[in-house]
Amino acid sequence: MKGSSAQNMWSAVERRDVRERLREDQRRRSTLGPRQRSALDGLVHALKPDSMNRAYPERQLLAYDLGSVRVPPSAVVAVGEPENATQMTWQVSGMGIFVHTAMWGSVREAGQLWAAQQEAGAERPCVVAWLGYHPPGPWGALTGRIALRGGARLARHVEGWFNYRDRLAGPRPYTALEAHSYGTLVAARALQILQRREPPLSLDALVVSGAVGLPRELAGAPGALGLREDQVFSALAETDYLSRAGLWLSRRRPWEPATRLDVRADERRRLAGVVGHNTSRHRPGAGLFGRGHGYRDVGTASLHWAARATAGLPLD
């Protein structure tokens, strides 16, 4: 990404430079192409304090690239302060989630996970909306090439985060990945690459939802990802037919072994169940297609349990 490397994008100086570059791009907005303008507008809107729930903390723009005619834009935005975070979660989305079409929604989902973690008891959580790869369309999701490239970029950013925090005083925060759909493949490849570092780098937890399967060489081997069985969590709705179709058509293997997170409605906890494959679905008053809830929607069993798993809290 332009103007920022994986190693230094966390520093206060670099963050100021990135925000200044954003202001410069705003001044030249009229010269940009339609997709670049849409990406720029989405970023600016996502960073405004009043653009979403005011209970969410300030959003930190860590890196972005408006792309080109052939290369889609990319961006990394943190909800919360990375420097003093006690829990750090990377949120990776799946096919069709682009900066120029879904930036605000992706940051809002990160804010929703941040709020759920804090409600569960996390002290100072930080959630990164990572739109740092070029997601595939439906047919591209059946292959693993994009996941390899995206995983390599995600691994560089996570490694840069570890190096940054290691230079600071204090313990390393509880670090997790929360990934959906094709993003689960990207997360798996990133964890595999981090295990090849010297010394190997491991995260504390991985939560996948609506997963579309694992490459055969990784299936049934959480150790290849630097994780134990009890550090891998999986959420899958009964009506998530797209996930099951992706698994079958791609000939990949299911995420096993993993702790299953209950995504069904829980009346005692006043939690809604998940319907279908999307992360965000619930739109009151939107008619038939707005019914039900997605994996990351507020008030769902999926978000409740994912927040606890990514924050290192017991599944009560």
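Listed for the Arg15 side chain is no donor-acceptor partner under 3.5 Å among the backbone atoms of Gln60. Side-chain atoms of Asp204 come within 3.5 Å of backbone atoms of Thr175 as a donor-acceptor pair (strictly under, hydrogens ignored). Not one N or O on the side chain of Arg165 forms a donor-acceptor pair closer than 3.5 Å with the backbone of Pro173. In this structure, Thr300 contributes its side chain and Asp297 its backbone to a donor-acceptor pair below 3.5 Å. With hydrogens and angles disregarded, no donor-acceptor distance shorter than 3.5 Å links the side chain of Arg153 to the backbone of Arg149. A donor-acceptor contact shorter than 3.5 Å is absent between the side chain of Arg296 and the backbone of Ser280. At least one donor-acceptor pair closer than 3.5 Å links the side chain of Trp114 to the backbone N or O of Pro125. Between the side chain of Arg54 and the backbone N or O of Pro49, no donor-acceptor pair lies under 3.5 Å. A donor-acceptor pair is defined here as one N or O able to donate and one able to accept, closer than 3.5 Å; no such pair exists between the side chain of Thr259 and the backbone of Phe233.
Within a 6.0 Å radius of CZ in Arg264, no more than 12 heavy atoms belonging to other residues, nucleotides or ligands are found. Counting non-hydrogen atoms of other residues, nucleotides and ligands closer than 6.0 Å to CZ of Arg145 gives a total of 12 or fewer. Crowding of Arg251 atom CZ: a count of heavy atoms from other residues, nucleotides or ligands under 6.0 Å not exceeding 12. Heavy atoms of other residues, nucleotides or ligands lying less than 6.0 angstrom from CZ of Arg269 number more than 12. Heavy-atom contacts from other residues, nucleotides or ligands closer than 6.0 Å to CD of Glu24 number more than 12. Residue Glu238 places its CD atom among 12 or fewer non-hydrogen atoms of other residues, nucleotides or ligands, all under 6.0 Å distant.
Grouping the Ile, Leu, Val, Met, Phe, Trp and Tyr side chains by contacts below 4.5 angstrom, directly or via other members, places Val232 with Leu201. Cluster annotation: Trp248 is connected to Trp139 through the hydrophobic network of ILVMFWY side chains, with a link wherever side-chain heavy atoms come within less than 4.5 Å. Leu43 is connected to Leu32 through a chain of hydrophobic side-chain contacts under 4.5 Å among Ile, Leu, Val, Met, Phe, Trp and Tyr, so both are in one cluster. Each of Tyr174 and Leu206 belongs to its own hydrophobic cluster when Ile, Leu, Val, Met, Phe, Trp and Tyr are linked at side-chain heavy-atom distances under 4.5 angstrom. Note on Leu236 and Leu247: separate hydrophobic clusters, where clusters join Ile, Leu, Val, Met, Phe, Trp and Tyr whose side-chain heavy atoms are under 4.5 Å apart, directly or indirectly.
Rounded to the nearest 0.5 Å, atoms CZ (Arg37) and CG (Leu66) are 11.5 Å apart. Between Leu62 atom CG and Trp10 atom CH2 the span is 5.0 Å, to the nearest 0.5 Å. Here the CE atom belonging to Met88 is positioned 9.5 Å from the CZ atom belonging to Phe162, to the nearest 0.5 angstrom. To the nearest 0.5 angstrom, Tyr241 atom OH is 12.5 Å from Ser243 atom OG. Taken to the nearest 0.5 Å, the CE atom of Met52 stands 7.0 Å off from the NE2 atom of His45. Taking CG from Leu191 and CG from Leu154, the interatomic distance works out to 7.5 Å, rounded to the nearest 0.5 Å.
Here the shortest heavy-atom pairing between Met103 and Val99 reads CB-O, 3.2 Å. When all heavy atoms are compared, the tightest approach of Arg35 to Ser68 is NH2-O, 2.7 Å. When every heavy atom of Ala46 is checked against every heavy atom of Ser51, the shortest pair comes out as O-OG, 3.9 Å. Across all non-hydrogen atoms, the minimal contact from Val186 to Gly150 is CG1-C, 3.6 Å. In plain terms, the two heavy atoms of Ala115 and Tyr56 that are nearest each other are CB-CE2, 3.9 Å. Taking every heavy atom of both residues into account, Arg124 and Asn84 meet most closely at NE-O, 2.7 Å.
Using a 4.5 Å heavy-atom threshold, the side chains of Glu178 and Ser209 count as touching. Side-chain contact between His157 and Trp161 is absent, with no heavy-atom pair separated by less than 4.5 Å. Residues Leu185 and Ile146 form no side-chain contact, since every pair of their non-hydrogen atoms from C-beta on lies 4.5 Å or further apart. Using a 4.5 Å cut-off on side-chain heavy atoms (C-beta onward), Leu303 and Leu113 make contact. The shortest distance between side-chain heavy atoms of Arg252 and Val212 falls below 4.5 Å. Taking the side chain as every heavy atom from C-beta outward, Ser202 and Gln195 approach each other to under 4.5 Å.
With no hydrogens or angles considered, no side-chain donor-acceptor pair links Arg29 and Gln26 at under 3.5 Å. In the model, Arg260 has a side-chain atom that pairs as donor or acceptor with a side-chain atom of Ser234 under 3.5 Å.
Note: His277 and Tyr295 have perpendicular aromatic rings, judged against thresholds of 30 and 60 degrees for the angle between ring planes. Ring orientation note: the planes of Trp130 and Tyr133 are close to parallel, at an angle under 30° on the 30°/60° scale.
Under 4.0 Å is where a charged nitrogen must lie from a carboxylate oxygen, and between Glu159 and Arg156 no such pair does.
Judged by the 6.0 Å distance and 45° axis criteria, Arg21 is positioned over the aromatic ring of Tyr64.
Screening Val298, Leu271, Val263 for a side-chain contact (heavy atoms from CB on, under 4.5 Å) involving His304 leaves a single residue, Leu271.
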Sequence neighbours excluded and cut-off under 3.5 Å, please list the side-chain donor-acceptor pairs for residues 218-229, or say none.
unit_1: Arg228; atom_1: NE; unit_2: Asp230; atom_2: OD1; d: 3.0
unit_1: Arg228; atom_1: NH2; unit_2: Asp230; atom_2: OD1; d: 3.4

Which side-chain N or O atoms in residues 116-123 pair as donor and acceptor under 3.5 Å with protein atoms at least two apart or in another chain?
unit_1: Gln117; atom_1: NE2; unit_2: Thr89; atom_2: OG1; d: 2.9
unit_1: Gln117; atom_1: NE2; unit_2: Thr310; atom_2: OG1; d: 2.9

